[in-house]
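First listed ligand is number 1; within each ligand, the first listed atom is number 1. These numbers come from the heavy atoms of this one structure, side chains and all, not from hydrogens, waters or symmetry mates.
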Amino acid sequence: MVSFSVLATAVLAVVPCAFTAPNGLTTLINHETVGKQLQARQGGYYSFWSEGGGSFNCNQQGGGKYTCNWSGQKGGGFVAGTGFKPGGSRAVKYSGTYDAKGPGYLALYGWTRNPLIEYYIIESYDILAPGEPWTKKGNFTFEEGTYELYTSQRVNKPSIEGTRTFTQFWSVRTEKRVGGTITTSKHYDAWSKAGMRLGGHDYMILCTEGFSNGTLLPSGTSSITVS
Ligand SMILES: *[C@@H]1O[C@H](CO)[C@@H](O)[C@H](O)[C@H]1NC(C)=O
Ligand SMILES: *[C@@H]1O[C@H](CO)[C@@H](O)[C@H](O)[C@H]1NC(C)=O
Ligand SMILES: *[C@@H]1O[C@H](CO)[C@@H](O)[C@H](O)[C@H]1NC(C)=O
């Protein structure tokens, strides 16, 4: 998640809040709580959280499918998706549609603990506009495609363990696609070779994320099924 300033109480409603600049964030969202609430209610691992102003409508449809439509305001953002808990080595097959404008990603998104790492395997996007500078760590090509690798650092930012300082790992596909198979272990291996060490897997989802980077606003629709 790129910037989080606010709360997680009402997941299915967008809660208005004061805009906090992306790099001056204060309170945290407990994504884990959000995921669990929805998991208990609807079955399957589903996570959806949002912050700030905008209209973010995401719904779990069952059978690994979710749909979103969104139109963000300055300071607003969201991440939603279906997937697995725990995450880890899997061939994640997904299909659907993703039509986005502005900053955001369609990505396989996950967390590990010890060390605390937030990671993305980005399949498609309109504008990347990362919140922190990315350090390039190389690239790798295998039968599923070519991905460029990056890391970035988040300092005192919300995480699944509360406000923490942690590293983000990124695989960014050079040829965007919407649909296919992501063999996560290939990315984990490539990251390991680049000195990017993961911890123990928490959840991972095939997410739709949209956020405002302070200038540009996100909007779009997605309908994604993970099998
Ligand atoms: C966006 O999602 C909401 C809630 O699911 C729905 O009522 C609305 O029709 C959707 N709008 C578009 C443009 O898809
Ligand atoms: C991948 O890395 C090689 C070696 O550093 C470089 O020549 C090539 O341009 C890179 N390709 C991409 C797509 O980044
Ligand atoms: C948002 O992203 C755009 C495109 O990368 C960039 O031109 C703009 O400066 C960014 N805004 C901020 C506040 O970083």
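- In this pair, Y188 and H201 present their aromatic rings tilted. The plane angle is within the 30 to 60° band.
- When only non-hydrogen protein atoms are considered, atom 13 (C) of ligand 2 lies nearest to E148 OE2, 3.7 Å.
- In this structure, E175 has no heavy atom closer than 4.0 Å to ligand 2.
- Side-chain atoms of S55 do not come within 3.5 Å of backbone N or O of S71 as any donor-acceptor pair.
- Ion pairing of E118 with K157 is absent here, as no side-chain N (NZ or NE/NH1/NH2) approaches a carboxylate O to less than 4.0 Å.
- In this structure, atom 11 (N) of ligand 2 lies nearest to the protein heavy atom N139 ND2, 2.8 Å.
- Among protein heavy atoms, the minimum distance from atom 4 (C) of ligand 3 is reached at L216 CD1, 3.7 Å.
- Under the 30°/60° scheme for interplanar angles, the aromatic rings of Y109 and W49 are found to stand perpendicular.
- Below 30°, between 30° and 60°, or above 60°: for H187 and F142 the angle between ring planes is above 60°, a perpendicular geometry.
- Using a 4.0 Å threshold on non-hydrogen atoms, atom 7 (O) of ligand 1 does not count as touching the protein.
- Linking Ile, Leu, Val, Met, Phe, Trp and Tyr residues whenever their side-chain heavy atoms come within less than 4.5 Å places I117 and F140 in a single cluster.
- Within a 6.0 Å sphere centred on CD of E175, heavy atoms belonging to other residues, nucleotides or ligands number 12 at most.
- Other residues, nucleotides and ligands contribute only 12 or fewer heavy atoms inside 6.0 Å of the NZ atom of K193.
- The protein atom (non-hydrogen) at minimum distance from atom 1 (C) of ligand 1 is N69 ND2, 1.5 Å.
- Each of the atoms 2 (O) of ligand 3 lies under 4.0 Å from some heavy atom of A129.
- At a heavy-atom distance under 4.0 Å, atoms from both the backbone and the side chain of N213 approach ligand 3.
- The distance criterion of under 3.5 Å between nitrogen or oxygen atoms is met by K136 with respect to ligand 2.
- Near N59, meaning under 4.0 Å from one of its heavy atoms, ligand 1 places the atoms 5 (O).
- The shortest N or O to N or O distance between T221 and ligand 1 is not below 3.5 Å.
- In this structure, atom 9 (O) of ligand 3 lies nearest to the protein heavy atom T215 OG1, 4.4 Å.
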